[in-house]
Amino acid sequence: MKPEDRSVVRRTTLPPSETTPLVTPLFPSVVYCAEDADALDAVYEGRAGGYSYAREGHPNASVLADKISWMEGAGQERAGQERAGQEGFGQGIMTASGMAAISAVFLALLEKGDHIVAGNQLYGRCLRLLTQDLPRMGFEASLVDASDVAAVEAALRPETKLLLVEVVANPTLRVADIKGLARLAKERGLIFVVDNTFTTPRAFKPFDHGADLVVHSVTKLLAGHSDVTLGYVGARDPGHATALYDAVTTWGLNASPFDCWLAERGLNTFDLRFQRAQENAKDLADHLRGLPGVLRVLYPGEADHPDGALARDLLQGNFSHMVSFELDADRAGVNAFVRAAGNIAFAPTLGDVGTTISHPASSSHRGLTVEGRAALGISEGFIRVSVGVEDIDLLTREFTDAVAAARRAATREVG
Ligand SMILES: *Cc1c(COP(=O)(O)O)cnc(C)c1O
């Protein structure tokens with residue numbers, strides 16, 4: 001072939017290499033080329049490994065999903081490659097966001113007329129999905145206190161198909177009675193779905209406690225750097241896994257290669273970040289308890305927590321990185337607190353490598369009335385902290401100063 005007969009358009013071959021990259025390469029390619037039609041058949045039919053079109057799967061999603069599935073104990077097989085009949089087999093799939101993962105569960109598994117029972121303190125968008133969007137499509141949902149198994153049982157109907165809970169709820173850090181709920185789900189043949197975002201597989205492994213599906217907002221701790229939006233859903237049952245795979249690829253809920261690549265990079269340090277953040281959270285909770293102007297502190301493992309015993313039984317000392325507390329302050333005090341905490345980002349997210357604070361009354365729970373928030377125990381002075389990996393002395397200093405600033409603002413107003 002003469003040089004001028006050789007196309008430079010899309011005819012790249014990689015140089016031969018005896019070595020392999022340490023880091024997973026990024027595969028932004030939308031399509032994958034096959035040798036011929038038979039080879040493509042083999043890929044589509046799962047007889048050969050490979051990919052065809054990125055919405056249907058790509059290496060960066062497979063690599064990341066396998067890692068999270070492995071952490072969760074969901075099995076390590078790749079989406080779309082079924083091996084039915086294998087004991088304990090399960091698999092996971094990446095989605096474009098945590099909400100896409102939750103949507104995939106409903107889109108994959110619900111049928112006309114099905115009813116859902118879910119925790120009443122789920123992530124805000126999830127509550128909206130259950131109370132506004134699913135009813136519009138003919139699915140009814142009942143919301144109940146997930147730490148009360150009797151209340152959940154009372155909400156079940158003959159047509160209840162699925163039970164969805166978070167292990168530790170936002171922002172009140174209430175704990176679901178996972179063991180009781182798993183027993184109930186098994187007895188009544190419900191699909192038991194656990195959102196493990198707050199706890200992460202380091203603190204809790206839902207599959208070991210009877211969950212059928214595990215959902216993550218990978219956006220949070222697992223990716224850990226507030227630079228990707230991603231979700232994950234893993235299934236115990238291969239039939240569920242296949243249905244989820246089909247829902248994600250058909251409804252277009254798939255994850256981008258770059259986001260998966262970044263999240264894998266974040267995941268490398270997840271364990272270190274989690275350990276440090278958890279230690280900091282415990283110390284910060286203790287510190288906040290001693291500050292004048294702090295009315296109460298919520299941290300799941302503590303004796304004064306409403307579900308303390310449940311948390312200790314389920315989480316075995318891993319109470320994660322979230323601390324909530326109530327300032328004796330009105331809006332002016334809260335503003336003063338936030339402004340005084342100059343080293344801590346005021347941002348309505350969680351799981352970043354650094355500490356972030358959020359104010360549920362003006363963000364996640366702003367849609368509720370004052371009374372609705374009060375029923376959940378969320379006052380104007382309620383602050384949620386996602387504790388990061390900073391030096392604990394810096395954190396305690398920062399919170400001491402910020403709480404004092406809130407007190408001064410409140411005092412000024414009174415005087
Ligand atoms: C953030 C979050 C979600 C939604 O995840 P996105 O990635 O933001 O779509 C779902 N559940 C919990 C518990 C969350 O914290």
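Atoms within each ligand, like the ligands themselves, are counted from 1 in listed order.
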Nearest non-hydrogen protein atom, [atom]:
atom: atom 7 (O) of ligand 1; value: T219 OG1, 2.7 Å
atom: atom 5 (O) of ligand 1; value: S217 OG, 2.9 Å
atom: atom 6 (P) of ligand 1; value: G98 N, 3.3 Å
atom: atom 2 (C) of ligand 1; value: K220 NZ, 2.5 Å
atom: atom 4 (C) of ligand 1; value: Y123 CE2, 3.5 Å

Purely on distance, is any nitrogen or oxygen of [X] under 3.5 Å from one on ligand 1?
X: L350; value: no
X: F198; value: no
X: T229; value: no
X: E166; value: no

Backbone, side chain, both or neither: what part of R125 comes under 4.0 angstrom of ligand 1, heavy atoms only?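 For R125, there is no contact with ligand 1 at all, from either part.
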
Is the shortest distance from a heavy atom of N170 to ligand 1 less than 4.0 Å?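 Contact absent.
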
Please work out whether the ring planes of [X] and [Y] are parallel, tilted or perpendicular, with thresholds of 30° and 60°.
X: F325; Y: F337; value: perpendicular
X: F270; Y: F274; value: tilted
X: F346; Y: H359; value: tilted

Go through ligand 1 atom by atom and flag the ones less than 4.0 Å from a non-hydrogen atom of D195.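 Answer, ordered by atom number: 10 (C), 11 (N), 12 (C), 13 (C).
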
Numbered atoms of ligand 1 (with element) below 4.0 Å of M99, judged on heavy atoms: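 Near M99, meaning under 4.0 Å from one of its heavy atoms, ligand 1 has 4 (C), 5 (O), 6 (P), 9 (O).
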
Charged N to carboxylate O under 4.0 angstrom, K282 versus D286?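 Yes, charged N to carboxylate O under 4.0 Å.
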
Just checking, is any N or O donor in the side chain of [X] or [Y] under 3.5 Å from an acceptor N or O on the other one?
X: Y51; Y: S62; answer: yes
X: H287; Y: T400; answer: yes
X: D66; Y: S69; answer: no
X: N280; Y: E390; answer: no

Hey, is the main chain of T24 close enough, under 3.5 Å, to the side chain of W261 for a donor-acceptor pair?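 Yes, because the side chain of W261 sits within donor-acceptor range (under 3.5 Å) of the backbone of T24.
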
